[in-house]
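Have a look at the structure below before the remarks.
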Amino acid sequence: VQLQASGGGLVQAGGSLRLSCTASRSISSVNTMGWYRLAPGKQRELVAGITGGSITNYKDSVKGRFTISKDNAKNTLYLQMNSLKPEDTAVYYCFALYEVILWGQGTQVTVSS
């Protein structure tokens, strides 16, 4: 199983991006999926997660700005990011907890001030 992440880019503060993470097999039975990010000089942090039953959770600093969702029919996880801030700059990694945890390759998000 592979996860292919996309949607990163360069955006000005206040702008929006939508990240996508497409799995090579069905995600309907996945326990949990989500997004981590890693910024230079910082520890990896969980940005948002979503369970198989579509219960969501968010890092406090992104609540109200980011929305995680999934489309089981398309085997795709999304992260809609609005009102982006320079401190959101990082490489974003999607993950999926099947029998083991799988990771996407990472997509760079850069927010300029």
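Small disclaimer: the values here were computed from a predicted structure and weren't measured.
Side-chain atoms of L19 and L77, non-hydrogen and from C-beta on, never get closer than 4.5 Å to each other. Using a 4.5 Å heavy-atom cutoff, the side chains of S16 and Q80 are in contact. Looking at heavy atoms from C-beta onward, Q12 lies out of side-chain contact with V111 at the 4.5 angstrom threshold. Contact check for Q4 versus C21: no side-chain heavy atoms found under the 4.5 Å cut-off. Side-chain atoms of W35 and I50, non-hydrogen and from C-beta on, never get closer than 4.5 Å to each other. Using a 4.5 Å heavy-atom threshold, the side chains of L38 and Y92 count as separate.
Using a 4.5 Å cut-off between side-chain heavy atoms of Ile, Leu, Val, Met, Phe, Trp and Tyr, with links allowed through other members, V11 and F66 fall into the same hydrophobic cluster. The hydrophobic cluster containing V62 does not contain Y93, counting ILVMFWY residues as joined when their side-chain heavy atoms lie under 4.5 angstrom apart, directly or transitively.
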Can you list, pair by pair, the side-chain donor-acceptor contacts under 3.5 Å of residues 98-110, counting residues two or more places apart and other chains?
{"from": "Y98", "atom 1": "OH", "to": "R25", "atom 2": "O", "distance (Å)": "3.4"}
{"from": "Y98", "atom 1": "OH", "to": "S26", "atom 2": "O", "distance (Å)": "3.1"}
{"from": "Q105", "atom 1": "OE1", "to": "A5", "atom 2": "N", "distance (Å)": "2.9"}
{"from": "Q105", "atom 1": "NE2", "to": "A5", "atom 2": "O", "distance (Å)": "2.7"}
{"from": "T107", "atom 1": "OG1", "to": "G8", "atom 2": "N", "distance (Å)": "3.1"}
{"from": "Q108", "atom 1": "NE2", "to": "A90", "atom 2": "O", "distance (Å)": "3.4"}
{"from": "Q108", "atom 1": "NE2", "to": "T110", "atom 2": "OG1", "distance (Å)": "3.3"}

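T76 contributes a side-chain N or O that, together with a main-chain N or O of K74, makes up a donor-acceptor pair within less than 3.5 Å.
One finds the CG atom of L3 at 12.5 Å from the OG atom of S20 (value rounded to the nearest 0.5 Å). A distance of 9.5 Å separates CG in L79 from CG in L17, rounded to the nearest 0.5 Å.
In the hydrophobic clustering, where aliphatic and aromatic side chains (Ile, Leu, Val, Met, Phe, Trp, Tyr) are joined below 4.5 Å either directly or transitively, I55 stands alone. Alongside Y78, the hydrophobic cluster contains no other residue (criterion: ILVMFWY side chains under 4.5 Å).
Applying the side chain to side chain donor-acceptor pair (under 3.5 Å) test to R65 and every residue at least two apart in sequence or in another chain returns D88. Remark: K63 engages D60 in a salt bridge (charged side-chain N to carboxylate O under 4.0 Å, His left out) (not counting sequence neighbours). Every residue two or more places apart in sequence or in another chain that forms a salt bridge (charged side-chain N to carboxylate O under 4.0 Å, His left out) with K59 is listed here: E45.
The minimum heavy-atom distance linking A13 with S113 is given by the pair CB-CA, 4.4 Å. Nearest heavy-atom pair, G34 versus I68, reported as atom, atom and distance to 0.1 Å: CA-CD1, 3.8 Å. In this structure, K70 and S54 approach most closely via the heavy-atom pair CE-OG, 3.9 Å.
Checking each of T51, T32, L46 against N57 for a side chain to side chain contact (heavy atoms under 4.5 Å, CB included) leaves exactly one that passes, namely L46.
With no hydrogens or angles considered, no side-chain donor-acceptor pair links N75 and T22 at under 3.5 Å. With 3.5 Å as the limit, one finds no donor-acceptor pair spanning the side chains of R44 and Y36.
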